[in-house]
Protein chains: 2
Amino acid sequence: MQTTKPRHDATEGTDAAVGTRDRIVRAAARLLQRQGYEGTGIKQIARDAEATLGSVYHFFPGGKQELAVAAIQHGEREFSDILRAGLAAADDPAEAITACTRLLADSLRESDWMDGCPVAATALETVGRAPDIQQACAEAIGHWTELVTEKLRGGLDEDTARDLACAAISTLEGAELTAQVLRSEEPLLTAGRHLARLIRTYE
Amino acid sequence: MQTTKPRHDATEGTDAAVGTRDRIVRAAARLLQRQGYEGTGIKQIARDAEATLGSVYHFFPGGKQELAVAAIQHGEREFSDILRAGLAAADDPAEAITACTRLLADSLRESDWMDGCPVAATALETVGRAPDIQQACAEAIGHWTELVTEKLRGGLDEDTARDLACAAISTLEGAELTAQVLRSEEPLLTAGRHLARLIRTYE
DNA sequence: ACAGCGCTAGAGCGAACGCTCTATCCGTTA
DNA sequence: TAACGGATAGAGCGTTCGCTCTAGCGCTGT
């Protein structure tokens with residue numbers, strides 16, 4: 001398609017002409033999020049990214065698995081952005097977590113319940129069968145937990161903050177799954193309310 | 001394979017010679033749980049069930065989707081059994097929920113982190129694309145929520161019990177996913193502890 | 001002007017996919 | 001014993017899968 005300008009800088013993505021590699025990763029990330037690993041074909045990714053099979057295998061000689069790892073890492077960054085935005089919405093950690101659930105509920109509803117957690121579907125069907133992908137998913141979860149831990153560190157001792165953050169990420173993950181399946185934002189909002197209540201028991 | 005005895009009674013399954021239909025459903029349920037919908041082929045199901053393709057399409061003329069619905073319903077019953085066992089382990093609801101997480105953690109570890117929630121993987125990759133399957137998954141989640149709600153109804157008003165049960169199921173779902181990906185029972189046990197603490201705030 | 005190279009382009013490989021189809025087996029009835 | 005129908009058996013259909021491979025594009029440096 002259109003010629004690519006960027007040289008060694010891969011962190012770009014401002015406007016119109018995004019590099020081919022980036023378009024491939026983005027398309028892969030969205031498809032993996034919506035239909036999982038096995039349900040997504042390389043040719044479909046190439047078509048969606050307006051790239052060709054040749055380009056895909058040029059940038060990802062490791063094939064589908066290598067591309068999936070890059071896509072999961074991209075999804076991790078996207079989800080981190082949402083999480084950071086929610087956590088920054090209030091000083092009080094309890095309110096901040098509730099803000100996260102509201103953000104997630106909004107984006108889920110707006111996508112007609114299609115765009116849930118960017119790694120969950122892929123993670124579940126590759127667990128124990130594709131170590132590279134599983135590790136990328138594990139790192140994503142670890143990173144998200146770290147973000148929440150940082151927010152909770154004010155006023156709580158380190159171990160408590162970590163523990164609570166782990167429970168919070170699990171709950172967010174499960175509530176998003178439930179909300180998608182039931183096509184309702186209620187599970188997410190309910191999870192937000194109860195997480196806030198739980199956090200307040202530590203004050 | 002061996003000839004099938006049972007006539008109209010489909011609830012059997014005691015020993016050795018299980019009916020062909022049952023073997024197919026069981027094999028499908030375990031494969032869907034481990035590798036999701038798209039990752040599981042009909043021929044693999046038939047092979048695992050020691051049945052033939054002809055038998056599969058004889059019992060499930062609706063093809064893969066109809067079989068998946070039956071498999072999800074089977075998984076729902078299995079998970080309900082675990083849940084019921086955990087909930088019956090203690091009178092105190094908080095302790096009972098913790099018992100559930102311990103049961104789930106045990107069975108997850110014993111299966112080398114392979115057997116997580118029986119519907120999660122399939123649910124996530126068929127959401128918005130296979131209404132029959134999605135509805136079966138939604139009914140499973142609804143049923144599990146109902147089981148927890150019943151346990152919580154003692155001492156809590158109806159709405160609170162329902163709400164709390166919804167949050168609990170979301171948390172269990174997410175904690176199991178996290179535990180699988182991280183290959184650690186910690187997320188499940190942490191979720192159990194915090195769920196217990198949350199429930200106790202209502203006493 | 002002309003190599004050199006990063007990237008695009010897509011035909012085509014063997015294998016596996018979901019599913020259809022016909023043929024046969026065998027316990028139950030008449 | 002003969003006929004019937006539920007159940008089993010698997011070859012084979014058309015399609016798609018992940019991936020390989022060769023050809024050619026256009027930009028860069030000399």
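When reading the values below, keep in mind they use all heavy atoms of this one structure, side chains included, and skip hydrogens, waters and symmetry mates. Keep in mind that what you see is a predicted model, and the values were worked out from it rather than measured. Numbered from 1 within each chain, the chains take letters A, B, ... in sequence-line order.
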Worksheet item: Of all heavy-atom pairs between Arg109(B) and Glu185(B), which one has the smallest distance, and what is that distance?
Response: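 Heavy atoms of Arg109(B) and Glu185(B) come nearest at NE-OE2, 2.9 Å.
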Nearest whole Å is fine: how far is [N] [atom2] from [X] [atom1]?
| X | N | atom1 | atom2 | value |
| --- | --- | --- | --- | --- |
| His58(A) | dT20(D) | NE2 | P | 15 Å |
| Tyr57(A) | dG12(C) | OH | C1' | 14 Å |
| Lys43(B) | dG12(D) | NZ | P | 12 Å |
| Gln44(A) | dT15(D) | CD | C1' | 15 Å |
| Arg21(B) | dT8(D) | CZ | C1' | 16 Å |
| Phe60(A) | dC7(C) | CZ | P | 12 Å |
| Gln35(B) | dC17(C) | CD | P | 10 Å |
| Glu38(B) | dG18(D) | CD | C1' | 15 Å |

Worksheet item: OP1 or OP2 of dA9(D) less than 4.0 angstrom from a side-chain nitrogen or oxygen of Ser55(B), does that happen here?
Response: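 For dA9(D), OP1/OP2 do not have a side-chain N/O of Ser55(B) under 4.0 Å.
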Worksheet item: With respect to the phosphate group of dC7(C), does any side-chain polar atom (N or O) of Thr20(A) fall under 4.0 Å of OP1 or OP2?
Response: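 Thr20(A) to dC7(C) OP1/OP2: no side-chain N or O under 4.0 Å.
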Discussion item. So if I take every side-chain heavy atom of Thr52(B) and compare against dG12(C), dC17(C), dG10(D), which nucleotide ends up nearest?
Written reply: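 Selected nucleotide: dG10(D).
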Item to complete: Taking only the side-chain heavy atoms of Lys64(B) (C-beta and beyond), determine which of dG10(D), dG18(C), dG18(D) contains the nearest atom.
Response: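 Closest nucleotide to the Lys64(B) side chain: dG18(C).
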Discussion item. Go nucleotide by nucleotide along DNA chain C from the 5' end; which of Leu53(A) and Gly54(B) gets its closest nucleotide reached first?
Written reply: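 Mapping each residue to its closest nucleotide by heavy atoms, the 5'-most match is Leu53(A).
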Discussion item. Between Glu50(B) and Arg23(B), does any side-chain N to carboxylate O distance fall below 4.0 Å?
Written reply: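 Salt bridge absent between Glu50(B) and Arg23(B).
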Fill in: Ion pair check, Arg34(B) and Glu125(A), cut-off under 4.0 Å
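A salt bridge is absent here (no side-chain N lies under 4.0 Å from a carboxylate O).
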Practice prompt. Go through the side-chain N and O atoms of Thr160(A) and Asp157(A) and say whether any donor and acceptor fall under 3.5 Å apart.
Written response: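 A pair is found: one side chain offers a donor N or O, the other an acceptor, under 3.5 Å apart.
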Worksheet item: Reckon Phe59(A) touches a base, only the sugar-phosphate, or nothing at all at heavy-atom distances under 4.0 Å?
Response: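 Sugar-phosphate only.
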Discussion item. I'd like to know if the side chain of Trp144(B) reaches the main chain of Glu76(B), judged simply by a donor and an acceptor atom lying under 3.5 Å from each other, with no hydrogens or angles considered.
Written reply: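 Confirmed, Trp144(B) side chain pairs with Glu76(B) backbone.
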